[in-house]
There are 2 protein chains.
Amino acid sequence: MKELRINGRRLQERIAALGCIGALAGGGVCRLAFSRADKQARDHVEALMRQLRLEVHIDRIGNIAGVRQGEQAGAVVLAGSHIDTVGSAGMLDGSYGVMAALEAVETLNEACVRTRRPVAVMAFVNEEGARFMPDMMGSLIFRGDLSVEDARSITGIDGTTIGENIDRTGFAGDEPPGALPVHRYVELHIEQGPILEKEGCTIGVVEGVQGILWLAYTLRGATAHAGTTPVELRRDAAYVAGAVVQFVRRLALEIEGQCATVGSITLQPNLVNVVAEEARITVDLRNPDSGRLRMAAERLHAFVLETARAERVEVDRQIRVNVPPVSFDPSVIETVAAAAEGLGFRSRRMISGAGHDAQIMASVCRTGMIFVPSRGGLSHSIREDTAPEDLESGANVLLHTVLSLAQSN
Amino acid sequence: MKELRINGRRLQERIAALGCIGALAGGGVCRLAFSRADKQARDHVEALMRQLRLEVHIDRIGNIAGVRQGEQAGAVVLAGSHIDTVGSAGMLDGSYGVMAALEAVETLNEACVRTRRPVAVMAFVNEEGARFMPDMMGSLIFRGDLSVEDARSITGIDGTTIGENIDRTGFAGDEPPGALPVHRYVELHIEQGPILEKEGCTIGVVEGVQGILWLAYTLRGATAHAGTTPVELRRDAAYVAGAVVQFVRRLALEIEGQCATVGSITLQPNLVNVVAEEARITVDLRNPDSGRLRMAAERLHAFVLETARAERVEVDRQIRVNVPPVSFDPSVIETVAAAAEGLGFRSRRMISGAGHDAQIMASVCRTGMIFVPSRGGLSHSIREDTAPEDLESGANVLLHTVLSLAQSN
């Protein structure tokens with residue numbers, strides 16, 4: 001069993017075939033959740049599952065699971081991800097994890113391996129949240145945090161509801177979400193960041209997902225003529241915004257594990273010769289440690305208030321997103337690490353910067369993730385890419401992780 | 001003659017009457033240059049000039065001068081400003097200077113004062129440049145820096161040319177611009193800044209107009225995932241922009257007489273969770289001293305290059321506006337100061353932060369300016385305001401300045 005390997009070429013072809021569904025003229029893929037392209041991709045995945053002789057379960061929101069029976073009945077070792085995409089995506093985000101799980105199952109089929117526990121492949125619906133919020137919707141519903149009824153009434157960016165889309169395309173099955181008992185969940189995904197590539201590692205053994213805080217600051221000063229108003233009489237919202245941008249970088253440098261980004265600044269009236277009356281800026285803070293994340297937010301807020309007061313600028317803060325950090329299960333983490341080591345791959349422990357269904361599943365069952373390098377760290381981009389040998393390596397780590405989890409108690 | 005005073009109430013009424021032309025529903029005025037409202041306001045001014053028995057001269061771009069004969073013929077003592085406005089203006093910017101000059105003439109008429117030199121009132125066209133660039137167009141054409149033909153072919157923000165607008169509204173006369181010989185030029189204007197109000201002065205004796213440099217920086221980095229990209233791998237255009245905003249404030253604090261403002265920041269893609277690929281920022285630098293202005297620009301550019309290099313961000317700089325400082329004539333400055341002192345007003349020497357036709361006229365003839373306080377320093381705003389007594393005081397200073405200049409050699 002130690003010699004078992006997936007078929008890298010077949011995996012490539014499967015990823016490419018799925019990538020043809022919703023392909024964009026200029027390259028890349030658009031398969032927004034609950035769209036026709038998403039449905040077409042789901043039909044493709046379902047057909048593959050049946051071809052692999054998996055028992056297909058589709059729940060009332062559209063999560064698709066394909067179960068391969070084990071020696072004993074009961075909770076499955078589940079591997080999967082999602083096949084919906086953002087508006088202008090590459091072929092790998094999500095799809096890779098689903099196709100690699102199917103490839104692992106086919107490898108088990110070909111080798112006539114009989115596992116102790118059943119193994120299943122999952123394609124969660126609407127992980128991206130690009131058309132209908134919230135993101136990670138399929139796993140949230142699977143976990144029971146959102147009802148199918150509430151989800152169906154959610155209106156998307158095009159004004160339609162999820163319910164309408166599901167009914168029109170015949171998207172959903174009739175099983176209750178979360179009915180499938182899950183023993184362990186493992187998700188293989190591209191890193192979406194530059195760390196593995198930069199460090200020459202093939203495998204990321206993911207220990208958790210960092211917490212995310214999205215803050216929206218509105219700074220209100222007063223317009224003034226840029227040529228006639230001395231500094232001491234200004235209430236310059238842009239000046240405070242600039243100071244915040246600098247301070248946010250300091251947080252990233254000074255606090256362990258801290259990501260901190262100002263990605264959006266919007267000034268009013270935004271004219272060359274008028275002191276800005278208003279600045280709206282966003283701050284994206286992430287840290288795998290909830291205490292440090294809270295400290296970063298507190299230090300930031302103290303700085304904003306102090307700087308704004310000195311400039312006589314008013315401050316309003318909105319918390320847009322507040323997702324606590326998630327730690328994966330130590331035993332699953334060690335299983336992934338052992339699989340990577342057994343296959344001779346250079347790996348490193350790491351934290352996921354982006355959100356994944358695995359972070360939702362982590363409170364359903366013992367969960368872990370496997371990362372492979374993203375070229376240039378690019379993500380949510382049609383230029384997203386991973387070397388074919390890395391895709392193959394990741395799928396082999398998934399195969400041996402699943403095997404190991406399905407054989408143990 | 002020392003006891004001669006303008007009629008403050010009549011001046012108020014004239015300003016209010018002119019302010020009804022192009023009045024905005026929510027308050028304020030919109031009389032964009034060469035518009036119907038601008039034409040209507042010009043007709044109003046022309047009628048007033050004729051009522052005051054002035055000899056009206058309208059040149060081929062539409063500058064209107066009304067001449068009151070003196071004991072001797074020849075070059076006039078010219079007082080004026082403009083009556084066009086920005087899109088959302090108050091009633092005072094420009095209009096005050098023209099109405100006060102007419103009020104001064106009427107005061108001379110009523111007192112049957114015969115001046116040695118002729119006195120004239122000027123309303124220059126298109127000082128604001130809000131619809132058709134460049135600003136200060138009327139005085140530039142008067143000075144001979146721009147031909148009427150070239151100006152007529154300029155296309156405005158609404159896609160029409162100045163020529164079309166002039167011909168449709170019968171805006172222009174047939175005199176060649178600059179034909180009126182000018183002995184001295186004096187412009188009375190609201191300060192458009194907070195200094196006089198803050199210091200409790202009634203009159204600003206304007207010694208010059210500061211030089212203006214408008215710089216547009218484009219900073220090009222690379223997008224990256226805000227949750228997965230470590231600081232050392234980022235090429236964050238927003239970070240460099242923030243540093244520039246901070247440095248610009250330092251320039252204002254460290255360099256004598258320096259105004260320095262970042263009023264506009266535009267990020268791409270401007271999303272909460274994406275490191276900004278591009279930042280476009282403007283810097284407005286002003287200094288009455290051309291050497292210091294140049295130094296400020298050089299220090300800024302060195303800082304931008306150094307900061308951007310450290311972040312591996314590319315820099316492009318465009319110089320949008322580069323107007324050297326203008327010094328007004330010492331004898332006119334002293335005449336204004338003496339008039340203010342003779343009337344018992346608290347005054348201070350100052351530099352104009354904003355541009356005015358007077359800075360163009362300064363190379364045509366000996367020139368000066370008079371400022372009155374702007375409430376809260378507000379300008380180019382429907383909340384622009386000046387106390388009635390200050391408007392009256394300024395007009396009296398204008399009257400005695402004009403009188404003095406028209407009587408001397």
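Quick caveat, the model's predicted, so the values are computed rather than measured. Every chain is numbered from 1 and lettered A, B, ... according to where its sequence line falls, protein lines coming before strand lines.
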ask   = Sequence neighbours excluded, which residues qualify as side-chain hydrogen bond (donor to acceptor under 3.5 Å, both in side chains) partners of B:Q258?
value = B:N287

inquiry  = Take a 6.0 Å sphere around CD of A:E256 and say whether it holds more than 12 heavy atoms from other residues, nucleotides or ligands.
reply    = no

message = Less than 4.5 Å to any heavy atom of chain B: does that hold for the side chain of A:R234, its backbone, both, or neither?
response = side chain

note = Pair count under 4.5 Å, heavy atoms only, with chain A: among B:A241, B:G353, B:G263, highest is B:G263

task = Pick whichever of B:A279, B:S374, B:A354 has the most heavy-atom pairs under 4.5 Å with chain A.
result = B:A354

remark   = One option among B:D236, B:I212, B:V231 has the most heavy-atom pairs under 4.5 Å with chain A, and it is B:V231

key: Part of B:A224 lying under 4.5 Å from any heavy atom of chain A   = neither

Residue part contacting chain A, namely of B:Q268, when any heavy atom lies under 4.5 Å = neither

A:R383 atom CZ, neighbour heavy-atom count above 12 within 6.0 Å = no

ask   = Restricting to pairs with a member in residues 206-247 of chain A, which pass ring pair (Phe, Tyr, Trp, His ring centres under 6.0 Å), not counting sequence neighbours?
value = A:Y217-A:H301, A:F247-A:F303

message = Please identify, among B:I265, B:V272, B:V245, B:I195, the residue contributing the most non-hydrogen atom pairs under 4.5 Å to chain A.
response = B:V272

Contact leader toward chain B among A:E191, A:M350, A:E311, where contacts are heavy-atom pairs under 4.5 Å = A:E311

Option that, when pairs with chain B are counted at under 4.5 Å, heavy atom only, ranks first among A:P230, A:S352, A:G227 = A:G227

key: B:R250 side chain reached by B:V248 side chain, heavy atoms, under 4.5 Å   = no

query = With a 3.5 Å cut-off and no angle check, do the side chains of A:D357 and A:Q359 form a donor-acceptor pair?
reply = no

task = Taking the six-membered ring for Trp and the full ring for Phe, Tyr or His, determine whether the centres of B:H356 and B:F328 are under 6.0 Å apart.
result = no

query = With respect to chain A, which residue among B:G377, B:A226, B:A276, B:G193 yields the maximal number of heavy-atom pairs within a distance under 4.5 Å?
reply = B:A226

Heavy atoms from other residues, nucleotides or ligands near CZ of B:R320 exceed 12 (cutoff 6.0 Å) = no

query = Heavy-atom distance under 4.5 Å to chain B: side chain of A:A260, backbone, both or neither?
reply = backbone

task = Give the member of B:V274, B:N273, B:V244 that has the highest number of heavy-atom pairs under 4.5 Å with chain A.
result = B:N273

query = Between A:K198, A:R286, A:R249, which shows the greatest number of heavy-atom pairs under 4.5 Å with chain B?
reply = A:R249

task = State, to 0.1 Å, how close A:V86 and A:L32 come at their nearest heavy-atom pair, and which atoms those are.
result = C-CD2, 4.0 Å

Largest heavy-atom contact set with chain B, pairs under 4.5 Å, which of A:V262, A:V283, A:N270 = A:N270

ask   = Checking A:S379 against chain B: side chain, backbone, both or neither under 4.5 Å from a heavy atom?
value = side chain

inquiry  = Could you check whether any side-chain heavy atom of A:E254 comes within less than 4.5 Å of a side-chain heavy atom of A:R299, counting everything from C-beta outward?
reply    = yes

